[in-house]
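Structure record follows, encoded as C-alpha cells.
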Number of protein chains: 2
Amino acid sequence: MREGPDIARIASLVGDPARANMLNALMGGTALTASELALEAGVSLPTASSHLSKLMEGGLLTLASQGRHRYYGLAGPQVAGMIEAITGVAEAVGPRRVRPGPRDGAMRVARVCYDHLAGEQAVAMLDRLVDKNILLRDDKEIRLGPSAASHFAAIGIDVQTRPRRPVCRACLDWSVRRSHLAGTLGAAILDKILAEKWARREKDSRAVVFSPPGKQAFERVFLA
Amino acid sequence: MREGPDIARIASLVGDPARANMLNALMGGTALTASELALEAGVSLPTASSHLSKLMEGGLLTLASQGRHRYYGLAGPQVAGMIEAITGVAEAVGPRRVRPGPRDGAMRVARVCYDHLAGEQAVAMLDRLVDKNILLRDDKEIRLGPSAASHFAAIGIDVQTRPRRPVCRACLDWSVRRSHLAGTLGAAILDKILAEKWARREKDSRAVVFSPPGKQAFERVFLA
DNA sequence: CGCATGGTTTGATCCTCATCGAAGCATTCT
DNA sequence: AGAATGCTTCGATGAGGATCAAACCATGCG
C-alpha cells in the first residue's frame, strides 16, 4: 500500500516498554550485558534475551562478545538521535513526569548498577578518586594511577592481577547524568561495602541503603 | 522501574503500520480527512477513526473541524522531526526497498489521492498550469489566476461559485516529492477525466490508467 | 423536515506478542 | 574433567490490541 522504508517496524521495536528501557539504559554509550539490561528493564533474563534478539535483528544494536560476556550497545549515533527525537516528543506531549516516590529518592542516592555502585554516592566517589590521582581519567577512559595498587590493597582490594574484564570502566549515571565507576574495581568496591555491612540492598529494588556508621566509614575511605 | 518520559508510548503509536502510513501521509504538511487517511493506510473507516483517536490522545495530531469535514494534521515540527529520524534509521537498517511491482509503476504515473489526481501526470499538470499563469502559486498557497475562470469554463468546470472547501490546495506527492493540485478544482478535474473516460481506475487500487486517446486528450487540455 | 454524507462508537473476533519456567549451550574457573 | 556462570531456546500461557460490521451521531443539502 505504501512505499518507502518500514518505519512502523523500527518504531514498534522501540514501542515496547521493556525494549524502550533497555535502549534508554544504553543511551549513556556504555555497552551492557543481557543480565544488566534485564535488570534495567525489569524483566526476566529469557524475556530480555528475546527482546535483544529482536533489537539486533532490527539493526538497532551491536553485539561485542568478550569471553563469557556479551556486551550490547546502540548501533550508532543515528539510532541514538532517533531515541533523542522520540524522547523529545514524549517529554513535550507526555503527562509530565510522575513525582518521585520515596524509593526513588533512595535510588538516586545509591543503587546497584549490575555489579557496581551507582547514584550520587558513586559519582562523588569517582570524582574524589580522580581528584586524588588514584585513578586517571581521560574522557571515557579510566586507568589506575600510580598509587592505586597500594591504596586499594590497604582496604583489601587487589588491583594487580588483571582479569580479562576491564578493571575500570565509566558508566553513565541516569540520575546524576555523570559517570560512576564500573569494571572489576567497581564490583570489588560494591562487594566490600556489602561485606563490611556498611549498607544493605533493599528487597526487590536496586536501592542501596547505608547505615549511619556505614556511611561514615565509606566517606572516610573513599571521600576523604 | 524507570524514570523519564514515556518513549515507549510514543513509539508504539508510530509502531502500528496503519498509523505509520497515516503519519507518513501527513508528512507533506497538508491536513487530511479521516476518509483519506483510511485510504492511505489501507484500513476501513472505523479502524482509521480508532487510530486517529489514539494519535490525538497521544498528542501527535491536531484537529481542525471545517463544517462537516475534520482535517487531521501533524501536531508540529517536532513530531515531523521525530518521524524523519525514525525514517532515517529505517532506511539505514531496513531490508532495502522492495523492487517496485508493475502496479507500483502505474501508481507512480497516475493515481487517486482521495478525490483528486496524483502522480507524475498530476505534478506535470500543476507545473504547466502555473507556467501559463492560469494558477498562481506562492509556495504552499495556490490561487486562481485571471484567466482561470474562462480556461476551466471552456472544459466545463466552474470555478466561480466558491464552496467552503478551498478551490485549490497543494498536496505533496510521495512518488515525485513535489506538489500536485488538490481542492475542489483538483477533484473536478479528476471527475472530468473519469467522466470523459480518458482513464479508468484500477480495481482495488489507487492507480489510474489512461487510454492512449485519453492521454492525448489530457495532454492537449492540460499540458499544452 | 427527510435524505445523504462524513465520522465515531460499540461489540465481537482474532492474532500477535510479551512473559516466564525449564531445559539446553557455551565459556570460564578450579 | 566437573562445577559454575552467562545467556539463549523452547513451550505454554495470557493479555492487549488491531480489525471490521453494524449501529449510532452530526452536519449539510433540498
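First the proteins, then the strands, lettered A, B, ... as listed; each starts at 1.
Separating the CG atom of B:Leu37 from the P atom of C:dG6 is a distance of 15 Å, rounded to the nearest angstrom. Atom CD of A:Glu36 and atom C1' of D:dT5 are 16 Å apart (whole Å). Across the protein-nucleic acid pair, B:Leu13 atom CG and D:dG16 atom P stand 17 Å apart, rounded to whole Å. Computed from coordinates, the A:Tyr71 OH to D:dC7 C1' distance equals 13 Å when rounded to whole Å. The separation between B:Asp16 atom CG and D:dT19 atom C1' is 10 Å, rounded to whole Å. Atom-to-atom, CZ of A:Arg9 to C1' of C:dC17 comes out at 15 Å; the value is rounded to the nearest Å. Distance CG (A:Leu39) to P (C:dC20): 13 Å, rounded to an integer number of Å. Whole-Å rounding puts the B:Glu57 CD to D:dG17 C1' distance at 14 Å.
Side-chain contact between A:Met82 and A:Val14: present, with at least one pair of heavy atoms (C-beta onward) separated by less than 4.5 Å. Side-chain contact between B:Phe210 and B:Ile193: present, with at least one pair of heavy atoms (C-beta onward) separated by less than 4.5 Å. When side chains are defined from C-beta on, A:Asp16 does not count as touching A:Lys54, because their heavy atoms never get closer than 4.5 Å. B:Leu144 places a side-chain heavy atom less than 4.5 Å from the side chain of B:Leu135. By the 4.5 Å heavy-atom criterion applied to side chains, B:Leu61 and B:Leu23 are counted as neighbours.
Around CD of B:Glu57, the count of heavy atoms belonging to other residues, nucleotides or ligands within 6.0 Å does not exceed 12.
Relative ring orientation between B:Phe222 and B:Phe152 is described as tilted, the plane-to-plane angle lying within the 30° to 60° band.
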Pairwise N/O distances under 3.5 Å, protein to nucleotides 8-12 of chain D:
residue : atom : partner : partner atom : Å
D:dT8   : OP1  : A:Arg70 : NE           : 3.4
D:dT8   : OP1  : A:Tyr72 : OH           : 2.4
D:dT8   : OP2  : A:Ser49 : OG           : 2.9
D:dT8   : O5'  : A:Ser49 : OG           : 3.1

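Listed pair B:His51 / D:dG17 fails the phosphate criterion, with no side-chain N or O lying under 4.0 Å from OP1 or OP2. Remark: A:Lys54 is in phosphate contact with C:dA18, judged by side-chain N or O atoms under 4.0 Å from OP1 or OP2.
For B:Ser35, taking side-chain heavy atoms from C-beta onward, the closest of the listed nucleotides C:dG7, D:dA18, C:dT19 is C:dG7.
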